[in-house]
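Please read the structure below before turning to the comments.
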2 protein chains.
Amino acid sequence: MTPVRRRTLEILLESHRAMGAYDVLERLSQDGYGNQPPVAYRALDFLVEQGLAHRLQRLNAFAACLSPDRDHAPAFLICRSCDRVAETDAPVLRAAFRETAAERGFKVERLTVEAVGLCPACGDGDDTGADA
Amino acid sequence: MTPVRRRTLEILLESHRAMGAYDVLERLSQDGYGNQPPVAYRALDFLVEQGLAHRLQRLNAFAACLSPDRDHAPAFLICRSCDRVAETDAPVLRAAFRETAAERGFKVERLTVEAVGLCPACGDGDDTGADA
DNA sequence: GGTTGACCTGTTACGTTATTACCTCCATGC
DNA sequence: GCATGGAGGTAATAACGTAACAGGTCAACC
């Protein structure tokens with residue numbers, strides 16, 4: 001864990017939400033680190049590899065892992081209204097899927113599960129969303 | 001279904017694999033259609049909406065749906081070695097996940113399930129892949 | 001016939017996301 | 001000292017995606 005990587009993780013943790021690589025980069029460069037994309041992407045890739053952060057494919061964004069200590073099978077609930085992301089664990093789902101895939105001879109290495117929908121706050125009779 | 005859309009679907013079907021929007025675009029323009037990105041994206045978005053094609057988030061790519069007739073909950077097996085994509089149905093998984101999400105008050109509208117790993121051909125003692 | 005409106009296609013221009021290639025720095029081990 | 005390898009810095013560019021506008025077609029309607 002190096003300074004850039006640590007700071008990158010802090011940025012993700014502080015924001016409490018998914019951030020694009022370029023948003024992270026901007027923060028990093030404000031803190032005196034490099035201002036070119038690879039700086040952010042390398043740090044983010046490292047964090048993802050270490051299980052300290054996750055990549056959200058549907059958002060082209062990254063978020064700090066909320067339970068980095070234990071090995072887990074994360075699934076994400078992405079609110080299309082307020083853009084908030086909830087991380088949930090779905091071990092049963094993952095195991096079932098692995099098995100299904102194995103029946104077809106496919107070895108699952110990484111599994112992405114992402115749902116888009118409405119979070120409790122936004123779905124509660126409020127279809128227009130609460131961006132705040 | 002218009003000529004561009006039909007041709008787009010044919011291109012996806014002919015390739016038997018996931019294609020980037022720009023690859024599709026190139027084929028379209030070879031066939032005398034427009035050569036600007038919106039031409040491909042509009043056709044692809046239409047096909048996805050109609051359930052005739054799917055979007056693969058991890059690949060930023062599109063693939064024809066293999067069973068467009070029935071309503072289904074697709075999950076994808078993406079081989080990291082040969083880039084082939086297998087589409088599979090996972091209704092149980094989807095239902096289980098919806099329930100888990102509902103417990104947390106989240107209304108799932110769209111669910112993405114994508115696995116990266118090794119297909120039977122590439123996992124079979126062949127780690128380097130078979131691009132052909 | 002003429003008009004209106006919906007829908008589709010085409011194009012320009014631009015914004016966003018991600019990677020390649022190359023260089024420097026520095027800690028380690030010999 | 002000096003090779004080695006990991007990490008970070010930078011320039012340049014590739015890849016992906018969208019906004020905004022222009023024209024064309026066609027059915028519906030008066």
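Numbers restart at 1 for each chain; the letters A, B, ... are given by sequence-line order, proteins then strands.
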Candidates C/dC8, C/dA18, C/dG10 - which lies nearest the side chain of A/Ala21 = C/dA18
Residue mapping more 5' on DNA chain D - nearest nucleotide basis, A/Asn35 or A/Tyr22 = A/Asn35
Value in whole Å for how far the P atom of D/dA7 lies from CE of A/Met1 = 12 Å
Checking D/dA7, C/dT9, C/dT20 against the side chain of B/Val4 (C-beta onward), the nearest is C/dT9
Taking OP1 and OP2 of D/dG8, is either one under 4.0 Å from a side-chain nitrogen or oxygen of A/Arg6?
-> no
Nearest-nucleotide pick for B/Pro38, side chain only, options being D/dT10, C/dT12, C/dT17 = C/dT12
Pair B/His54 and B/Phe76, ring centroids less than 6.0 Å apart | yes
Side-chain N or O of B/Arg55 closer than 4.0 Å to phosphate OP1/OP2 of D/dG17 = yes
Value in whole Å for how far the C1' atom of D/dA7 lies from CG of A/Leu44 = 15 Å
A/Gln50 atom CD is separated from D/dA7 atom C1', nearest whole Å, by 14 Å
Quickly work out the A/Gln36 CD to C/dA18 C1' distance and round it to whole Å.
-> 13 Å
Within the distance-only criterion (no hydrogens, no angle test), does the side chain of B/Asn35 pair as donor or acceptor with the backbone N or O of B/Ser29 below 3.5 angstrom?
-> no
Specify the separation, in whole Å, of atom CD of A/Glu49 and atom C1' of D/dA7.
-> 14 Å
Side chain of B/Thr2 only, please: which of C/dT17, C/dT9, D/dA11 is the nearest?
-> C/dT9
Distance test, side-chain N/O of A/Arg42 to OP1/OP2 of D/dA7, below 4.0 Å = no
Below 4.0 Å: OP1/OP2 of C/dT17 and any side-chain N or O of B/Asn60 | no
Check: B/Leu118 main-chain N/O paired with A/Glu109 side-chain donor or acceptor under 3.5 Å = no
Roughly how many Å is it from CD in B/Gln57 to C1' in D/dG17, rounded to a whole number?
-> 13 Å
Do side-chain atoms of B/Lys107 reach the backbone of B/Ala102 as a donor and acceptor pair under 3.5 angstrom?
-> no
Test A/Glu14 against A/Arg7 for salt bridge (Lys or Arg N to Asp or Glu O under 4.0 Å), laying out the working first.
-> CA-CA 10 Å; A/Glu14 287 164 6; A/Arg7 185 67 196 121; 3.3 Å; yes
Measure the distance from CG on B/Asp45 to P on D/dG17 and round it to the nearest whole Å.
-> 9 Å
Rounded to the Å, how far apart are A/Tyr41 OH and C/dT17 P?
-> 7 Å
